[in-house]
Amino acid sequence: MPSRTIALSTDLHARPAREVAEAADSFEADVVLVQDDTEARVTSPLELTALGAEHGDEGIITADGPDAEKALDAVVDVLAEQAPAVTPQRDDGGQDR
Amino acid sequence: MSHARPLTPALVTLDDPPTDPDAAIDFLLDLVADAGRLQDRESARRDIETRQQEGGFGMGLGIALPHARTDAVTEPTIAFARSDTGVDFDTPDDEAATLLVLILVPSDADADHLDLLSRLSRGLVDEDVRTRLRTADEPGVVSTLTEVVA
């Protein structure tokens with residue numbers, strides 16, 4: 001089952017939750033976001049906002065079904081601003097925010 | 001700084017709201033105004049409208065959470081109505097909203113907004129909570145919602 005670890009690009013309030021649900025809706029796949037041991041179906045805005053997840057929080061997205069890879073890509077596109085947060089690269093001269 | 005509870009009995013009604021989403025939002029705003037919590041109704045309505053244009057308020061499972069951060073309130077405030085027929089808030093699962101909760105949070109209270117939204121959502125994903133909100137009398141609804149946002 002394809003899965004990816006991401007850092008959230010935004011606080012997970014109602015608007016992004018709906019965007020994710022709409023992005024995932026057209027695919028034949030069950031996609032879940034797990035954050036702090038709590039699982040949310042990404043097609044349910046309510047389950048997503050229940051996570052109370054904030055910008056920068058880490059989550060794991062897992063997809064299952066015929067369209068799993070495509071669905072995973074679509075959801076990652078909305079939830080994670082950049083590629084999966086595997087190896088953070090410093091190109092800002094090492095300045096902390 | 002005073003800390004009023006986000007929900008008081010005056011902010012809950014069992015009267016059926018209009019089935020049009022905009023009219024239903026006005027219906028909820030009336031509750032907030034009548035409870036004396038609204039400084040400026042026009043600006044509250046505008047701020048809700050802006051939020052609505054950014055993305056709808058239907059959350060699935062028969063829930064709509066119209067909301068805004070607005071200077072029209074000085075304390076986080078929620079108002080509740082339930083609809084027998086349902087209000088079409090353009091929800092991803094196409095289920096009409098029968099439980100409506102308006103969330104208004106002061107403009108400078110971003111953390112409060114996310115906190116209140118996630119508490120409400122956590123409560124409302126629980127089928128038992130949804131059933132109680134659909135069937136309870138007014139005091140029952142008030143106590144259920146108070147537990148959820150506590």
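Throughout, protein chains are lettered first and strands after them, A, B, ... in sequence-line order, and every chain is numbered starting at 1.
No single ILVMFWY cluster, assembled from side-chain heavy atoms under 4.5 Å apart, contains both A/Leu51 and B/Leu117. One hydrophobic cluster, built from ILVMFWY side chains closer than 4.5 Å, cannot hold both B/Phe89 and B/Phe27; they sit in different ones. A continuous path of hydrophobic side-chain contacts links B/Leu145 to B/Val32 [ILVMFWY only; heavy atoms under 4.5 Å]. Both B/Val87 and B/Val101 are assigned to one and the same hydrophobic cluster, defined by single-linkage of ILVMFWY side chains at heavy-atom distances under 4.5 Å. Residues B/Val125 and B/Val141 are members of one and the same hydrophobic cluster, defined by side-chain heavy-atom contacts under 4.5 angstrom among Ile, Leu, Val, Met, Phe, Trp and Tyr.
Within the 4.5 angstrom heavy-atom criterion, atoms from both the backbone and the side chain of B/Leu124 approach chain A. Neither the backbone nor the side chain of A/Leu48 comes within contact range of chain B, judged by heavy atoms closer than 4.5 Å.
Among residues at least two apart or in separate chains, there is no ring-ring contact (aromatic ring centres under 6.0 Å, His included) pair with a member in residues 124-150 of chain B.
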Could you pull out every donor-acceptor pair under 3.5 Å between chain A and chain B?
from    : atom 1 : to       : atom 2 : distance (Å)
A/Arg18 : NH1    : B/Gly58  : O      : 2.9
A/Arg18 : NH1    : B/Asp90  : O      : 3.0
A/Arg18 : NH2    : B/Asp90  : O      : 3.1
A/Leu46 : N      : B/Met59  : O      : 3.3
A/Thr49 : OG1    : B/Ser121 : OG     : 2.6
A/Ala50 : O      : B/Arg122 : NH1    : 2.9

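Counting heavy-atom pairs closer than 4.5 Å to chain B, the top residue among A/Ala21, A/Ala53, A/Ala50 is A/Ala50.
Scanning both residues, A/Pro45 and B/Gly58, for their nearest heavy atoms gives CG-O, 4.5 Å.
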For this session: Any chance you could lay out the side-chain contact (heavy atoms from CB on, under 4.5 Å) test for B/Leu114 and A/Leu12, step after step, and finish with the verdict?
Result: CA-CA 8 Å; B/Leu114 188 64; A/Leu12 205 43; 5.6 Å; no
